[in-house]
Structures are given as C-alpha cells and as structure tokens.
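Notes to accompany the following structure.
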Amino acid sequence: MSAVPAPVASAMTDLPPYLSKLNPPQLAAVQALDGPVLVLAGAGTGKTRVLTTRLAHLLVSRRISPFELLAVTFTNKAAGEMRERVAHLVGTAPDGWWLGTFHALAARILRKHAEVVGLKDNFTILDADDQLRLVKQLMDGRGIDDQRWPAKAILALIQKWKDRGEEPDRVSGGGESKLITLYRDYQARLKTLNAADFGDLLLHNLTIFRLRPDILAAYQQRFKYILVDEYQDTNVGQYLWLRLLAQGSRNICCVGDDDQSIYGWRGAEVGNILRFEQDFPGATVIRLEQNYRSTGHILGAAGGLIEKNRERLGKTLWTAAEQGEKVVVRGLWDSEEEARWVGEEIEAAQRKGVAAAQMAVLVRAGFQTREFEERLLTLGIPYRVIGGPRFYERQEIRDAMAYLRILHQPADDLAFERIMNTPKRGLGPATVQQLHTAARAMQVPLLEATQRLTETDDLKPKVRSTLRNLCEDFARWRNLLRETPHPQVAGIMLDESGYTAMWQQDKSPEAAGRLENLKELITAMAEFDTLAAFLEHVALVMEQAEGAGQEAVTLMTLHAAKGLEFDVVLLPGWEEGIFPSQRSLDENGDRALQEERRLAYVGITRARQKALIGYTARRRLHGQWEDALPSRFIGELPKAHIELQTSRGMFADGYARQAGSGYGGGYGGNYGGGSYNTPRMPVFEARAQVMPARRTSSYKTGARVFHDKFGYGTVMQVDGDKLLINFDHSDSKKVMAAFVSAAEDV
DNA sequence: GAGGTGGCGACCGAG
DNA sequence: TCGCCACCTC
C-alpha cells in the first residue's frame, strides 16, 4: 500500500482498499469525521489501526492539508508509531505535521509566543533534577522546615497544581498559603532563569490562550480536525488545552479506554473520558469490543474482574478465537518459591516452543523484578528489564547537557551550578553561596556575576583563578561554536573541561559505559542542525536505545506493559498490600482501588495465549519476612475462567530433603520440627494440588544436577554426602547432596 | 573541601 | 536488604 488511495465520493459503496479490512465498528470510528467523537477502544481491539486509518482517511477524503490536523499522543513511542504508519498509508513522510506528544506540541506553541508569558524563545526545559534543586534553594531562602515539608513533596504539590492548570493566584481547594507563596516564588524564579518545567509547557499555553484570544483563534482556525490518543490518561490541564483548541471546528476525536486508566497518581483524570458526552454535547460514541489478541478464558477472567469497578462506561470484550487455557492462579509458600515457579513456567513454555521474547513477567513495583532477575540468571534464561534510568536521566548525560545548556543559554544558572565543581575544581558550597549572593546583588545571572567577581579581590586567589579559567573556557567554547559544528565543539568542551578525564580515571565498573554514553550523545547531536534543536530533542524526545536482547524474557512493571502484548504473561505478587498497593489505598481509598483493579485488568489482557497469576503466603519485604494474604482481586476472578493450583508439594520437597527421606503425604499441617512457621493459605485451601516431590539419590561424577540457588551443574567429585559441583552459571561449589536433584533431560 | 559512615525509608514514573 | 542523604572527621 504505497500509492495514495483515490478519494471516494460515497463511503457506503466501493470502499477504498485501506478501509476494506476494518470491522463495522472500526469502520464507523474511521468514518465519523464530523463533530465530537469518542472511540472506546478496548484492549486488543485494533486501536492503532483505527487511529492511523482515520488520519489517512481524513487526508484523502476531505482533501485537507496535513497542517490543518492536530494529532496528540502521550509518549514519543506512540507518536513515532503513528507517524510511521500514516506515512505508510498515504505515502508521504509527515514532516512538520502537528503530530506529537502533548508536551512537544505545547513546547512548539510556547516557543512561538514565549514573550506573552515573559520568556525568551530560547528558554530552557528543566528536568526533574533541576526542579528539585530549585525548590530546595527557595526553601532555604524562605526558611521552610524541610522535615515537615520535604522538597520532593512540595515539588509534587506544585506539579499537581500545574496538572490542574492552576497558576499560583488560581490555586483552588486551599493549599497552605506558605506553600502557595513558594509556588509563586518558583514560577518567578523560572522566569528569571528563562526556563520552563514540563508542567509549564501546558500551563503557559493556557495562559497565552487566555491573554491573547487572537492567538487562540488562529490555532482554532488552523486545526480543522483534532485526534487524541489515550484520552483516559489526560489531566485537567490537557483537557482544558484540548477543549480550547477544539472550540473552533468542534471536530475532535478522542480514543481511549476508561478501563485502562492507570495514571491517576500523576494527574490523569479518568473523569475526563467518563464525562466526554457532557463536555462535548452531541458526541458520537463508538465501542470497539472485538478483541483480536487473547483467548476466551483470558478475556473472561479479565472481564469478570473489571466488572467489579463501578465508575466505568462499560463494554464487554469478545473474541472469535478459541477459549484456550484457563488463567492459572497459583498459591505459593514464599517469594523464593514464587521465583522458582516463574522460572519453571518459563522453561515449560520454552519447551512448548514459545520464544523467550514472547514472555513477560509483570510486577506491581519496580523493586519486585530483582528476585526474578536472580532466578533467571541462575537458570541461564536471557531477560531484559524495562524501566530503570533512561538515557537522558543518567548522571553523565545530565552533566554533559548542563555544559551544552550554558553554551546555548549563559543565564542557565542551574546548569552552571551543576557543573561548576564537576569535575572537582575545589569549589565547595561556600564558594557557591558567595557567587549566589553576588549574583543577586548585581541582578545578573550566575555566570556573569562569577565573571565579574574574578576581576575583583573578593575571592580567594586559588578560587579566583579557577573561576577565571572556567569563565574564559566557556567564552572560548562559545566562540568556537560560530565556526565549528556543534558536535565537535561538544567533544572539545568535554575534553578541555576535564569532564571526560574524570570518567577515564574512574575505576568503577560503570565508568566505561558512561564514556560510551557520552560518545553516543555527541553522535546524536550530528542529526540536528542547531544546538537549540538538539537540546529541545533531548529534553522532550530522547529515548532509551532499545537493548539488543531480542531473544529475552521481559521483566517490567504493569504500568510499563500497557499497550504491549505477549504469548505468555506471568503476574506474580498478587497479595494484599502489594497488589492492590496499600500505599495507594491509604492515599486515595476507593478511587485507588478501582485504579489498581484496572491495573490488574491491563496485566491479564496483555496475554495472547496464557496468563498465570501467583501469590505467596510469606514474602521478604525490605529484608524482613512478612506474612501475606492473597489479593482480593484473586477472589474476584470468575471461577469458570481460572484454574487454581496451590503448591503444597513444595513444602514436602523441603521436608524430604531435610529429613533425607521420601515425602510421605499427610500434609494437613503436621509439619514436625521444621523451622517453618505454618503459613495460612486461606482462600483456596480445599482445592490444593500436590506437586510431586523431587527425586533425590546418590550421584556419580559427571552427573547433571540442579540446585535451587545455583541452577544446573555437573558433579565433579563425590565425597560422601558432599558433592563438588561445577555450576553452569556460577563458580564450582561444595554442596550437600540433599540440596540438589538430578537434572531432568531438557 | 573531600571523603567516609550510620540511619532511615522504600510504588507506579510520560515528557 | 539496598541506596541515598545527612552528618562527621581529616
């Protein structure tokens, strides 16, 4: 489909080929071009296809210019995907289109009209690090008790206000006046720094639209059609922004799924999608309910669970596919057994021919991946962890970016402060304080104040010469920028400043990787014409380079899994307190519970073929063993779609080894003498399935064995009941024969 | 000013 | 249990 399809006069007959593959609701969603439209797209119902086809259809059938179209997503990934697929459909690359994330589009508008809100068009976009430092500085200045109000909490509050579209003088719902004053200070400080944080991008747009109706009207006229992805994740500010822009044409199409709204904690308002028909009267609502991803049992289990939520628009997914396997719900003794179980299920699936890349372990919180990582490492199963620090959040990238930011915008005090003593130049807090005081007195940026101070005798001689050199260096690098390409200048600057040398001398294992990252950063710069364009890219768009691990099991949080799919999905840790998360429930009560339930729904619906849920009776949490109860969500799963397994046999296994004898049955709580505290398994006691005990026997040299902690290995030496084993994925170790079992042929 | 140590708290994390 | 931050010493 490379050629542009011919426009059609009547959509009812003779559909153009790009529409012929859609099912009736999908077709309706693509063809409802006029007026407000809400497309409720359930998990796996072909949302992306509808979005991209709709875009293509608009361009073809309405013959509008791509520049009259606004298409908004949340992530760069989603924007990139849409870009690619639309290009494929209509045959042109969507360069310069208004297709991007809320933040990228808002930044574009803000650069055009920065002066309306008192910024220059080369304003800096701050990262979370800068924001926090700024808040800390202001708190020091105001003498706010950072015990009662940690800087992080204050920043979170400011962000919340911004998410709601509230400027300092418009904060609703009474915040402490001290804190609102701090918010006002913070905004004022950003202005003097010629900087904006992420929240400001949207917030300043709203201010511009309010102060300058002429500017708003121009955008309203420009955007004849608006398309929004993941509408259930929009916050109040984004909603207001969309509503203002849509007031002109009223042609706004929002696609989303209220059942997959899982970002309430960062300001998303599921109410936005629930209220759509009131907000946009006369709206057409279209439901996509045919699922092309999962089996009947998976959809049945997920559907039964999400039905327990009260606040939803309601839709029922169905599939033409077979029922498939029931969702496995497995009770386990403790988190160690759980990790072993996950490993076994992955190996079992591999034996059935499922590729590692088609399997995922999804957890509620990031720290939970650790135990599974250790297990997979032991078993030699390749895996990758999604999450962790992103490229531009790494220390070395932030440092390098700070150098570049000063080059671009000498008034960037935060950047200057960040690298003033990086690498170490002998400039401590005392010097920083002195510079700050001087800068405030002279009412100039830090760098300029520094430069002026070096011409006086106010500084200690050593400090003075250090700072003078630094100022001269920056002046030189900036001059260099006029005649030398910016990637080259960046390299020179990082070398001459001693920054590269700092990592070269660092002996820690990460140092080499950091130098690699710096090289990658400089390589990436070459793709941009100007330093300004590059800085904008890194602040808003820079993505983590995808890991090479093609054939690897994916470990990640449920949040990170939204939008993805796998053949086999493992969902461990379904225990009260963990999932649903106690902290969320404490903070937001029933609202949070419903969101946790949606999260469970998202987890189950990631699976194509098989979903397995695990819960344990005892878990090591922050280094302590704690008892746990099965998640209430387990009890909410419809019985018809699940298969319960409780691994009592695992105890027997341990018992057999400790006693050196076979496992003799009678598992009713008569556990004589073990160090176990008998855990309670209150939910499905009666349905317990016994797992067979592992065979133990005497081993010969050369025998293949399996050890729960160290994995597979070969017996090198037998010494009574002690074995010397050469482990495949660990060093050779001497272990008791009772702790290994004969490796099954794999 | 730089480098070391003990106490405390720990979720999810786009742009 | 682990990592970060505040505090402390050289």
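In what follows, chains carry the letters A, B, and so on, assigned in the order in which the sequence lines appear, proteins first and then strands, with residues in each chain numbered from 1.
- For K424(A), whose side chain is taken as the heavy atoms from C-beta onward, the closest listed nucleotide among dG13(B), dG3(B), dG1(B) is dG3(B).
- Test N122(A), T124(A), D412(A) against N194(A) for side chain to side chain donor-acceptor pair (under 3.5 Å) and you get one pass: N122(A).
- Among the nucleotides dA2(B), dG15(B), dG13(B), the one closest to the side chain of T101(A) is dG15(B).
- Look at S584(A) and you won't find any side-chain N or O under 4.0 angstrom from OP1 or OP2 of dC11(B).
- Cation-pi contact between R398(A) and Y392(A): absent, since separation from the ring centre below 6.0 Å together with deviation from the ring axis within 45° is not met.
- In this structure, the nucleotide among dC11(B), dG15(B), dA14(B) sitting nearest to the side chain of F367(A) is dC11(B).
- Distance H537(A) NE2 to dG15(B) P: 11 Å, rounded to the nearest Å.
- OP1 or OP2 of dG15(B) has at least one side-chain nitrogen or oxygen of N76(A) nearer than 4.0 Å.
- Separating the CD atom of E587(A) from the P atom of dA10(B) is a distance of 10 Å, rounded to the nearest angstrom.
- Residue R370(A) places its side chain closer to dT1(C) than to any other of dG15(B), dT1(C), dG13(B).
- Between the CD atom of E595(A) and the P atom of dC11(B) there is a distance of 17 Å, rounded to whole Å.
- Of the candidates dG15(B), dG13(B), dC2(C), dG13(B) carries the atom nearest the W265(A) side chain, counting heavy atoms from C-beta on.
- As rounded to whole Å, 12 Å separates atom P of dG9(B) from atom NE2 of H622(A).
- Between the CE atom of M556(A) and the P atom of dG13(B) there is a distance of 11 Å, given to the nearest Å.
- Take the nearest nucleotide of DNA chain B for E393(A) and for A430(A): the residue whose nucleotide is more 5' is A430(A).
- Q594(A) pairs in a side chain to side chain donor-acceptor pair (under 3.5 Å) with only one of the listed residues (E311(A), R312(A), K308(A)), which is E311(A).
- Of the candidate nucleotides dA14(B), dC11(B), dT1(C), dC11(B) has the atom lying nearest to any side-chain atom of R583(A).
- Applying the side chain to side chain donor-acceptor pair (under 3.5 Å) test between E575(A) and each of R619(A), R618(A), R632(A) identifies R619(A) as the sole match.
- Put simply, CG on D586(A) is 15 Å from C1' on dA10(B), counting in whole angstrom units.
- Between dG15(B), dA14(B), dC11(B), one nucleotide has an atom nearer to the side chain of F74(A) than all others, and that is dA14(B).
- Comment: R583(A) engages E587(A) in a salt bridge, judged by a side-chain N to carboxylate O separation of less than 4.0 angstrom.
- Nearest nucleotide to the side chain of H103(A), out of dG15(B), dG1(B), dC11(B): dG15(B).
- Distance R619(A) CZ to dT1(C) C1': 14 Å, rounded to the nearest Å.
- Checking Y263(A) against N421(A), the closest nucleotide of DNA chain B that is more toward the 5' end is the one next to N421(A).
- H204(A) has its ring centre no less than 6.0 Å from the ring centre of F209(A).
- Across all strands shown, G428(A) has heavy atoms under 4.0 Å from sugar-phosphate atoms exclusively, and none from any base.
- Which of dG1(B), dG15(B), dC11(B) sits closest to the side chain of Y392(A) comes down to dG15(B).
- Atom P of nucleotide dA14(B) and atom OH of Y231(A) are separated by 22 Å, given to the nearest angstrom.
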